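Since the structure comes first, as structure tokens, the remarks are kept for the end.
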Number of protein chains: 2
Amino acid sequence: MILARLILGLLTLAPMTGYDLKKHFDSSINHFWNADKAQIYRTLNKLVEDGLAVVRVVPQENYPDRQEHHITDAGRAALAAWLNTGLDAEPVREPFLARLFFSGELERENVMRLLRARRSEVTDRLEEYRAQRAGLGDVSGYDRRAYLMAATLEREVGRTEAELKWLRSVERSMP
Amino acid sequence: MILARLILGLLTLAPMTGYDLKKHFDSSINHFWNADKAQIYRTLNKLVEDGLAVVRVVPQENYPDRQEHHITDAGRAALAAWLNTGLDAEPVREPFLARLFFSGELERENVMRLLRARRSEVTDRLEEYRAQRAGLGDVSGYDRRAYLMAATLEREVGRTEAELKWLRSVERSMP
DNA sequence: CGTGGTTAGGCGACGAATCACCTAGTAGGT
DNA sequence: ACCTACTAGGTGATTCGTCGCCTAACCACG
């Protein structure tokens with residue numbers, strides 16, 4: 001359901017193929033969502049079935065035809081309707097914390113290894129976010145649309161920094 | 001899969017019924033996981049099938065029998081094996097950011113309403129976490145097990161504070 | 001006396017998501 | 001000549017998760 005909305009949102013930026021969408025999920029919006037390619041193609045089919053998008057086949061030389069999906073007026077309306085509904089409850093899922101919570105029986109060194117592995121991962125992620133942010137340039141002076149897109153990235157930067165700080169503190173003071 | 005591990009982890013703390021487990025997911029570990037009760041019961045059955053847990057029926061007066069699930073040695077081994085594997089990739093899913101990212105076409109006031117609703121929710125959550133933390137008392141001087149359990153909560157406090165800070169900044173400077 | 005919450009366990013249907021695999025041509029590197 | 005990656009689009013199986021519903025007795029409130 002939410003994947004359908006996200007795809008509609010991306011289609012407002014430009015008409016796209018399933019392949020294009022997958023690339024967006026893997027790069028530009030990877031800080032807040034990801035999706036399996038099989039699921040993207042299935043969801044696109046459903047959007048077309050429901051009249052929220054239409055396909056235009058664009059033949060290419062030397063490459064497979066592009067099945068460009070264009071959002072329809074009904075699609076734009078469905079997207080707007082979603083954006084104006086109240087916030088829904090978000091399921092909490094933190095696999096790393098799930099591990100750490102039960103790691104008390106492990107030897108101290110093994111827990112430290114876990115924490116260091118996590119820190120390395122989180123540091124890399126932070127680097128990626130910062131590189132992405134640098135690619136956006138100066139946000140002030142942007143319109144609301146660009147501002148909000150940059151803001152979502154900023155939120156992840158902030159929360160990732162908070163985790164790094166926490167990780168260092170745990171590594172320092174764990175008994 | 002991960003749910004099975006979490007349940008095994010909880011069963012190391014004490015033998016539990018599906019009902020008990022559900023309460024834990026809703027309270028003590030709600031800062032990093034939640035689970036549907038139907039799924040909990042199904043997973044418990046699978047654990048028993050796989051020999052990772054055994055059931056002991058405890059009859060009660062005036063109340064339904066308790067089907068206490070006890071972790072077995074095989075279960076403890078499976079849990080330890082999981083805890084010693086490398087970190088696996090975590091899927092990113094931030095429904096709120098997904099909305100905000102595409103909210104650029106909304107009127108400014110509607111976006112502000114969204115941000116304020118979020119801030120109210122996040123503030124409540126932070127209060128809950130802090131109350132839970134207060135209930136744990138002083139962490140220093142604890143053993144590693146208790147320390148790590150408290151630390152997972154601390155991580156969420158930190159990241160929630162980071163989001164609040166970010167929310168206030170966005171509310172202040174959104175064009 | 002009825003209503004709603006607690007304890008305890010469950011089923012069935014559906015939808016969402018993942019995993020592995022497949023087609024098929026182009027292009028670049030070793 | 002071979003291997004890998006990129007472009008583009010899928011299928012099928014299976015698992016995971018949610019939603020709604022059901023049984024059944026107890027307890028407290030008004």
Side-chain angles (χ1 to χ4, degrees), chain A residues 1-8 10-11 14-27 30 32-50 53 55-70 82 88-95 98, chain B residues 1-8 10 14-27 30 32-50 53 55-70 88-95 98:
Chain A
M1 205 86 281
I2 180 148
L3 181 60
R5 272 90 181 241
L6 291 190
I7 290 179
L8 281 179
L10 289 172
L11 292 184
M16 289 188 212
T17 66
Y19 190 78
D20 294 337
L21 286 164
K22 178 58 179 161
K23 281 197 292 187
H24 271 91
F25 279 105
D26 288 345
S27 58
N30 74 112
F32 68 81
W33 211 266
N34 62 49
D36 186 87
K37 111 193 171 38
Q39 198 58 23
I40 291 172
Y41 282 110
R42 270 187 266 261
T43 305
L44 275 175
N45 288 341
K46 222 206 135 222
L47 289 177
V48 173
E49 263 178 52
D50 295 348
V55 192
R56 222 190 80 209
V57 179
V58 180
Q60 294 189 114
E61 277 172 36
N62 299 340
Y63 284 103
D65 293 356
R66 287 173 57 77
Q67 302 209 11
E68 265 183 8
H69 288 73
H70 296 246
W82 171 56
D88 26 43
E90 301 188 3
V92 189
R93 240 129 237 216
E94 300 283 350
Chain B
M1 207 85 280
I2 181 148
L3 181 60
R5 272 93 181 238
L6 291 189
I7 291 179
L8 281 179
L10 289 172
M16 290 187 212
T17 66
Y19 191 80
D20 294 337
L21 286 164
K22 177 57 179 161
K23 282 196 292 185
H24 271 91
F25 280 104
D26 288 345
S27 57
N30 74 111
F32 68 83
W33 212 266
N34 63 47
D36 186 87
K37 109 193 172 40
Q39 199 59 23
I40 291 172
Y41 281 110
R42 268 189 272 263
T43 305
L44 275 175
N45 287 340
K46 222 205 135 225
L47 289 177
V48 172
E49 262 178 53
D50 296 349
V55 193
R56 221 190 80 210
V57 180
V58 181
Q60 294 189 114
E61 276 170 37
N62 299 340
Y63 284 104
D65 293 356
R66 288 173 56 78
Q67 301 207 13
E68 265 183 7
H69 288 72
H70 297 245
D88 26 43
E90 300 188 3
V92 189
R93 240 130 238 214
E94 299 284 348

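Values in this document were obtained by computation on a predicted structure and should not be read as measured data. Below, read A as the first sequence line, B as the second, and so on, with proteins coming before strands; counting in each chain starts at 1.
Residue B/Lys46 is the one, among B/Ala38 and B/Lys46, whose nearest nucleotide of DNA chain D lies closer to the 5' end (criterion: closest heavy atom). For B/Asn45 and A/Lys37, each mapped to the nucleotide of DNA chain C holding its nearest heavy atom, the one lying further toward the 5' end belongs to B/Asn45.
Taking 4.0 angstrom as the limit, A/Gln60 places a side-chain polar atom (N or O) nearer than this to OP1 or OP2 of D/dA8. Between D/dG9 and A/Tyr19, no contact under 4.0 Å exists linking OP1 or OP2 to a side-chain N or O. For the OP1/OP2 pair of C/dG15 and a distance below 4.0 Å, the side-chain nitrogens and oxygens of A/Gln39 include no atom meeting the criterion. For the pair B/Thr17 and C/dT7, the criterion of a side-chain N or O lying under 4.0 Å from OP1 or OP2 is not met. Remark: A/Thr43 is not in phosphate contact with C/dA16, judged by side-chain N or O atoms under 4.0 Å from OP1 or OP2. For A/Tyr41 and D/dG9, the shortest distance from a side-chain N or O to OP1 or OP2 is below 4.0 Å. Taking 4.0 angstrom as the limit, A/Arg93 places a side-chain polar atom (N or O) nearer than this to OP1 or OP2 of D/dG17.
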Donor-acceptor pairs are to be reported for all side-chain atoms of residues 57-69 of chain A against protein atoms at under 3.5 Å, with residues two or more places apart or in another chain.
{"residue": "A/Gln60", "atom": "NE2", "partner": "A/Pro64", "partner atom": "O", "Å": "2.8"}
{"residue": "A/Arg66", "atom": "NH1", "partner": "A/Asp20", "partner atom": "OD2", "Å": "3.4"}
{"residue": "A/Arg66", "atom": "NH2", "partner": "A/Asp20", "partner atom": "OD2", "Å": "2.7"}
{"residue": "A/Glu68", "atom": "OE1", "partner": "A/His70", "partner atom": "NE2", "Å": "3.2"}
{"residue": "A/His69", "atom": "ND1", "partner": "A/Gln67", "partner atom": "O", "Å": "2.8"}

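Protein atom CG of B/Asp65 is 13 Å distant from nucleotide atom P of D/dC26, rounded to whole Å. Regarding B/Glu68, its CD atom lies at a distance of 15 Å from the P atom of C/dT7, rounded to whole Å. The separation between A/Asp88 atom CG and D/dG17 atom P is 18 Å, rounded to whole Å.
Listed candidates were D/dT7, D/dA24, C/dT18. Nearest to the side chain of A/Asn34 is C/dT18.
Across all strands shown, A/Asp36 has heavy atoms under 4.0 Å from base atoms, whether or not it also approaches the sugar-phosphate.
Side chains of B/Ile2 and B/Asp88 form no contact here, defined as non-hydrogen atoms less than 4.5 Å apart.
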